[in-house]
Number of protein chains: 2
Amino acid sequence: MTTRMTRQRAAVAEALDEQDEFRSAQQLHEVLRARGDSVGLATVYRTLQTFADAHEVDQLRNADGEVLYRRCERVEHHHHLVCRSCRRTIEIDGPTVEAWAAKVGAAHDFTDIDHTIELWGTCKDCRG
Amino acid sequence: MTTRMTRQRAAVAEALDEQDEFRSAQQLHEVLRARGDSVGLATVYRTLQTFADAHEVDQLRNADGEVLYRRCERVEHHHHLVCRSCRRTIEIDGPTVEAWAAKVGAAHDFTDIDHTIELWGTCKDCRG
DNA sequence: ACCAAGCGTGAGAATCGTTCTCATGAATCG
DNA sequence: CGATTCATGAGAACGATTCTCACGCTTGGT
């Protein structure tokens, strides 16, 4: 029931911290392998899921449906502007959209409103 | 190069029109089978993708990553408020968020801004 | 420190949605 | 009425993710 600290979890957390961009579980697994920390792929998946459940990392899906993870600067609720090409990420907050989402939900008598708001674009460097 | 009209495409289009909620390719395949229209699963997938590419149907992913399709009332760009449980859908438009998304993108020098904005909640009937 | 209890790990199998292959079928156009 | 060529379908293949289960290591109590 309790969460234990293991070499693997520490390694995943550390690898995650080194990334500036959103990364998939497989990419992180590769990063770990490259740096010499041997961690099973299944463990990487499990660990990331655990972190996400604990709101320690942010999670989103790219257009292909792959799940990407990232340790964000801010802990509070926020959204992202991600480069489709290099995945460079900018954290943004939108009090405007939060309010809008809540209002729309209430207007139609829906509860437990949750929203998926992500912006994708091409960053300056990837424009060529 | 040209798009041909086939029995299968007509069947998929018709089944789609009968749905009020977002449906997965497999669900639609089942609907077709139930009504007696035999259409291969691969064809259902292909057809839905084709429709989506032509902007004839809307497409989104649920929390599990499954792709869902729906023929919406309005053709113009809009978003959705979907019931997590029954997938009952309400089409919404948000001039506010559109402007916000564009502004945020421009502010960070990102181009070809595309946004994913979907609202999920529990509708009145599913609240129990 | 020592131990017992039980969560965590990993390799590979299993899932599952989706796409691909390729031989056959059927729109379409002249 | 062909000939052309896109469309179809059954099953194989794929790819991301999850599951299995025997073994190992963290942890909390002593």
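Here is how names work: the chains are called A, B, and so on, in the same order as the sequence lines, proteins then strands, and each is numbered from 1.
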### Task
Please find out if less than 6.0 Å separates the ring center of H77(B) from that of H115(B).
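For H77(B) and H115(B), the ring centres are under 6.0 Å apart.
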### Message
Looking only at the aromatic ring of each residue, does the gap between the centers of F22(B) and H80(B) stay below 6.0 angstrom?
### Response
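Between H80(B) and F22(B), the centre distance is under 6.0 Å.
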Once you round it to whole Å, what is the distance between [atom2] of [N] and [atom1] of [X]?
{"X": "Y45(B)", "N": "dT8(D)", "atom1": "OH", "atom2": "C1'", "value": "17 Å"}
{"X": "L48(B)", "N": "dG17(C)", "atom1": "CG", "atom2": "C1'", "value": "13 Å"}
{"X": "R46(A)", "N": "dC7(C)", "atom1": "CZ", "atom2": "P", "value": "14 Å"}
{"X": "Q26(A)", "N": "dT18(D)", "atom1": "CD", "atom2": "C1'", "value": "12 Å"}
{"X": "Q27(A)", "N": "dA16(D)", "atom1": "CD", "atom2": "P", "value": "10 Å"}
{"X": "D64(A)", "N": "dC16(C)", "atom1": "CG", "atom2": "P", "value": "22 Å"}
{"X": "Q49(A)", "N": "dA16(D)", "atom1": "CD", "atom2": "P", "value": "17 Å"}
{"X": "L41(B)", "N": "dA13(D)", "atom1": "CG", "atom2": "P", "value": "17 Å"}

### Task
Report the C-alpha distance between L68(A) and Q59(A) in whole Å, list the side-chain angles of each, state the deciding distance to 0.1 Å, and finish with yes or no for side chain to side chain contact (heavy atoms under 4.5 Å, CB included).
CA-CA 6 Å; L68(A) 306 180; Q59(A) 189 179 36; over 6 Å; no
### Task
Mind checking the OG-CH2 spacing from S85(B) to W120(B)? Nearest 0.5 Å is all I need.
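Between S85(B) OG and W120(B) CH2, I get 11.0 Å after rounding to 0.5 Å.
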### Message
Using a heavy-atom cut-off of 4.0 Å across all strands, would you classify S38(A) as base, sugar-phosphate, or nothing?
### Response
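S38(A): backbone/sugar contact only, no base atoms under 4.0 Å.
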### Message
Keeping T111(B) on the side-chain end and D109(B) on the backbone end, is there a donor-acceptor pair under 3.5 Å?
### Response
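Not a single qualifying donor-acceptor pair exists.
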At less than 4.0 Å, is any side-chain N or O atom of [X] found next to OP1 or OP2 of [N]? Yes or no.
{"X": "T6(B)", "N": "dC6(D)", "result": "no"}
{"X": "T43(B)", "N": "dG9(D)", "result": "yes"}
{"X": "Q8(B)", "N": "dA7(D)", "result": "no"}
{"X": "S24(B)", "N": "dG17(C)", "result": "no"}

#### Entry: Check against side-chain hydrogen bond (donor to acceptor under 3.5 Å, both in side chains), H78(B) and E98(B)
CA-CA 9 Å; H78(B) 61 277; E98(B) 306 300 332; over 6 Å; no
### Task
Determine to 10° how strongly the helix from dA1(C)-dT30(D) to dG30(C)-dC1(D) is bent, judged from the axes of its five-pair ends.
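End axes: 40° apart.
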#### Entry: Qualifying residue for side-chain contact (heavy atoms from CB on, under 4.5 Å) with Q27(A), from R87(A), E66(A), Q19(A), E21(A)
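So, applying the side-chain contact (heavy atoms from CB on, under 4.5 Å) to Q27(A) and each of R87(A), E66(A), Q19(A), E21(A), only R87(A) qualifies.
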### Query
For the side chain of R4(B), counting heavy atoms from C-beta on, which of dG10(C), dG6(C), dT5(D) is nearest?
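Selected nucleotide: dT5(D).
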### From dG9(D), dG10(C), dT18(C), nucleotide with atom closest to V39(B) side chain
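Closest of the options to the side chain of V39(B): dG9(D).
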### Task
Starting from the 5' end of DNA chain C, give me the residue, G65(B) or M5(B), whose nearest nucleotide shows up first.
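Its nearest nucleotide being more 5', the pick is G65(B).
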